[in-house]
Amino acid sequence: MPTLNLGFLVSHGGSNMQAIIDACKKGWLDAKPCVVISNNSESQALQRAKNEGIPYYHISKATNPDNVDDAILDALINHNVEIVVLAGYMKKLGDNIIKKYHGKILNIHPALLPKYGGKGMYGYHVHEAVLAAGDKASGPTVHIVDSDYDHGRILAQRKVPVYPDDTVETLSARVLEQEHIIYAETLQKIACGEIVL
Ligand code: GRF
């Protein structure tokens, strides 16, 4: 089975991306991080890419006012990316990217979709909604990206408990810990053919 070529799109910290890179380095994940792209020139994710020796690009309206999506697509294609990994990417993808990588773009969401997904449901908003609803469980979802927010086929989920005294901070930390496991695990299932995209 050939190695899976991964391209990351990340806006901020990139801890999920780092967990996937680490899984590749440890040999748990048969994949190669080929490129990291961020809309945020200050993102820790770009620094992480630099530290890891992975090619990285800042691509945004500031760098490419007329063709952000084409520039992202070019970078993905030039680096032979097979699977696009969204890891805290705060921008909507252009149709050309979704078309070219149809069914091959993954995202991780910090709640059990289809609950608590959709426009505006990102970051702490998600955990706030879970706590407000009084749910007893939450947890990350890895899913395929299509043109609607948080909507495509669900590939994996992992439940964590929600405790009565949880805050957004404690709950998000508990979910994030599982995100770091489940994203690499799902990619490995794709790499070895257990999940067919
Ligand atoms: C994670 O909570 C993930 O579920 C969401 O964005 C966040 C990214 O965190 N899509 P990090 O940048 O990987 O630390």
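Remember, it's 1-based here, ligands and their atoms both numbered in the order they're listed. Sequence positions, counted from 1, serve as the residue numbers for this chain.
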Please answer whether the main-chain N or O of D74 pairs with a side-chain N or O of N78 as donor and acceptor at a distance below 3.5 Å. yes

Can you tell me if T186 uses its side chain to pair, donor with acceptor, with the backbone of I182 under 3.5 Å? yes

What's the shortest distance from [atom] to any protein heavy atom, and which residue and atom give it?
| atom | answer |
| --- | --- |
| atom 10 (N) of ligand 1 | I108 O, 2.7 Å |
| atom 7 (C) of ligand 1 | G88 CA, 4.2 Å |
| atom 13 (O) of ligand 1 | N16 N, 2.8 Å |
| atom 14 (O) of ligand 1 | S15 OG, 2.5 Å |
| atom 12 (O) of ligand 1 | G14 N, 2.8 Å |
| atom 1 (C) of ligand 1 | E179 OE1, 3.1 Å |

Are side-chain N/O atoms of [X] and [Y] paired as donor and acceptor at under 3.5 Å?
| X | Y | result |
| --- | --- | --- |
| E52 | Q18 | yes |
| D150 | Y116 | no |
| N40 | S11 | no |

Contacting atoms of ligand 1, where contact means under 4.0 angstrom from a heavy atom of G13: 12 (O)

Taking the six-membered ring of Y149 (Phe, Tyr or Trp), confirm whether the NZ or CZ of K92 is under 6.0 Å from its centre and within 45° of its axis. yes

